[in-house]
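Contents: one structure, followed by commentary.
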Amino acid sequence: MTQFNDLNLDPKVLKAIAEAGYETPTPIQAGAIPPALEGRDVLGIAQTGTGKTASFTLPMITLLGRGRARARMPRSLVLCPTRELAAQVAENFDTYAKHTKLTKALLIGGVSFKEQDALIDKGVDVLIATPGRLLDHFERGKLLLTGVQIMVVDEADRMLDMGFIPDIERIFGLTPFTRQTLFFSATMAPEIERITNTFLSNPEKIEVARAATTGENIKQGVVMFRASRKDREGSEKRALLRRLIDAEGESCTNAIIFCNRKMDVDAVAKSLKKHGYNAEPIHGDLDQSQRTRTLDGFRAGEVKILVASDVAARGLDVPAVSHVFNFDVPSHAEDYVHRIGRTGRAGRKGSAIMICNPRDEKNLEDVERLVQNTIPRLEDPKGAKPAPAEAPVAEAANEEERPRRTRSRTRSRSRDEARPEDKSAAAAEPKAEAKPAPKAETKPQPKAETKPEPKAEAKPEAKTEPKPEAEPKPAAEPASEPKRGEARGNDRNRGGRDRRRNEARDEDVVGMGEDTPAFIAKSFEERRAS
DNA sequence: AAAAAAC
């Protein structure tokens with residue numbers, strides 16, 4: 001079997017690999033490193049968890065070993081879809097380039113330009129970036145990409161999902177024609193195929209088996225859930241989630257909970273914390289500093305439960321997660337594979353438990369069709385119906401259905417002291433859930449009752465019924481325009497000119513047609529008078 | 001329908 005030592009890597013790189021404890025390359029590494037070292041273009045079709053990152057960092061470090069960076073002209077460029085992923089690639093470089101003198105800069109949004117600019121000015125060998133921030137630097141004239149000898153596109157299919165492909169094409173155009181390109185994607189969508197045909201020249205194609213095609217080492221299950229009432233859906237679902245977590249007991253050492261919406265990420269994280277679980281949220285609306293802090297904490301084991309949007313579904317390397325909970329069925333079936341691929345890595349055992357409400361059943365079908373398996377149905381661990389006595393009023397006050405964004409963003413430092421350390425604190429918490437529900441069952445039911453159901457047959461896809469066109473809607477602009485002056489009381493707009501406009505508007509109110517409420521047509525003064 | 005990424 002091929003060993004790293006058999007590959008033609010720089011001895012300094014080999015030393016770092018050995019120190020990191022690796023001997024044998026993964027299939028993608030064994031396949032991609034030799035052609036990359038020969039200077040060939042590489043098209044790698046592989047998912048995360050396959051050792052993809054090192055398959056380009058190791059040859060890059062070797063190839064860049066000679067030569068030195070010039071100011072503002074990086075010699076290589078790695079593009080990643082998310083900030084976390086870029087940061088992870090940067091860490092990988094740190095690990096394997098530690099015996100070399102190579103320099104790098106990480107260009108991602110959410111942090112100040114200043115340090116990034118300073119590094120670029122000095123000259124870097126490796127630039128690792130998200131597309132938006134990279135182009136931002138370029139447009140400010142701080143960066144020349146004409147010196148790029150090696151360009152890497154990581155997670156190209158995700159770039160496609162996120163609408164980055166035009167940016168990627170533009171960046172390709174800014175780099176020299178003679179560059180070497182290493183291109184990675186988990187799938188080969190037609191659009192990806194087009195890009196590779198355009199920008200890669202005679203690439204060596206390496207395809208490795210999907211890493212976590214819902215591997216056998218991942219125990220999967222889904223709980224069908226229906227809220228007792230629409231307005232209790234959120235809180236009942238969160239209560240079910242807690243029962244599911246509790247039922248896993250000690251075996252759940254750490255977990256990622258995926259939600260489809262950022263709002264739910266906030267709500268779930270907040271609710272779990274309130275009930276004494278060690279949980280933190282991560283999604284794209286949070287400060288970069290908090291995202292980084294949370295992820296570091298989770299990696300270090302200080303945070304046990306990461307509540308995440310799909311920002312964390314792909315690519316993020318979080319070693320040894322015992323459990324993945326899907327609070328929602330992902331609406332893109334392939335995201336299910338990515339999400340549960342966060343557990344059961346490197347042959348370890350993992351559990352993936354999902355909640356499915358009636359609205360999500362269609363998505364569940366899609367997921368089961370994709371993984372070509374029926375996901376075992378699980379019982380609600382307590383089997384109990386949601387307590388009917390739970391008053392919605394108290395609920396609203398306690399649970400806060402709507403997360404207050406400003407609060408969660410500017411979280412104070414003192415939260416660390418305030419946070420209960422573990423769940424045992426929850427037991428002692430006085431009003432954890434003031435349900436008068438009969439607490440008959442003390443033992444969690446054994447879960448994983450598997451009812452293999454007949455596989456859902458592929459249905460003819462999505463009939464697209466043309467929507468009956470509604471009444472032609474007049475543009476909203478003109479209606480809001482005159483309102484602005486009076487509603488905001490903008491000083492500049494006061495005076496004769498504005499008054500004339502108000503008078504004119506009495507006749508021709510544009511924008512709401514027949515349905516204009518009478519008061520809209522009145523002047524501000526008239527409204528106050530009435 | 002939503003998430004991610006640029007100020």
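Fair warning: this is a prediction, and the values are worked out from it, not measured in the lab. Here is the naming used below: chain letters follow the sequence lines, and residue numbers restart at 1 for every chain. When reading the values below, keep in mind they use all heavy atoms of this one structure, side chains included, and skip hydrogens, waters and symmetry mates.
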- Going by distance alone, is a donor N or O of one side chain under 3.5 Å from an acceptor N or O of the other, for His283(A) and Asp266(A)? yes
- Query: Can you give one letter per nucleotide of nucleotides 2-7 of chain B, going 5' to 3': B for a protein heavy atom under 4.0 Å from the base, S for sugar-phosphate only, - for none?
  - Reply: BSBBBS
- Message: Going by the rule side-chain contact (heavy atoms from CB on, under 4.5 Å), which residues pair with Arg70(A) if we only count those two or more places apart in sequence or in a different chain?
- Response: Met73(A)
- Residues in side-chain hydrogen bond (donor to acceptor under 3.5 Å, both in side chains) contact with Asn363(A), at least two apart in sequence or another chain: none
- Query: To the nearest 0.5 Å, what is the distance between CZ (Phe56(A)) and CZ (Phe93(A))?
  - Reply: 6.5 Å
- Query: Quick one: do the Thr53(A) and Asn92(A) side chains pair a donor with an acceptor below 3.5 Å?
  - Reply: no
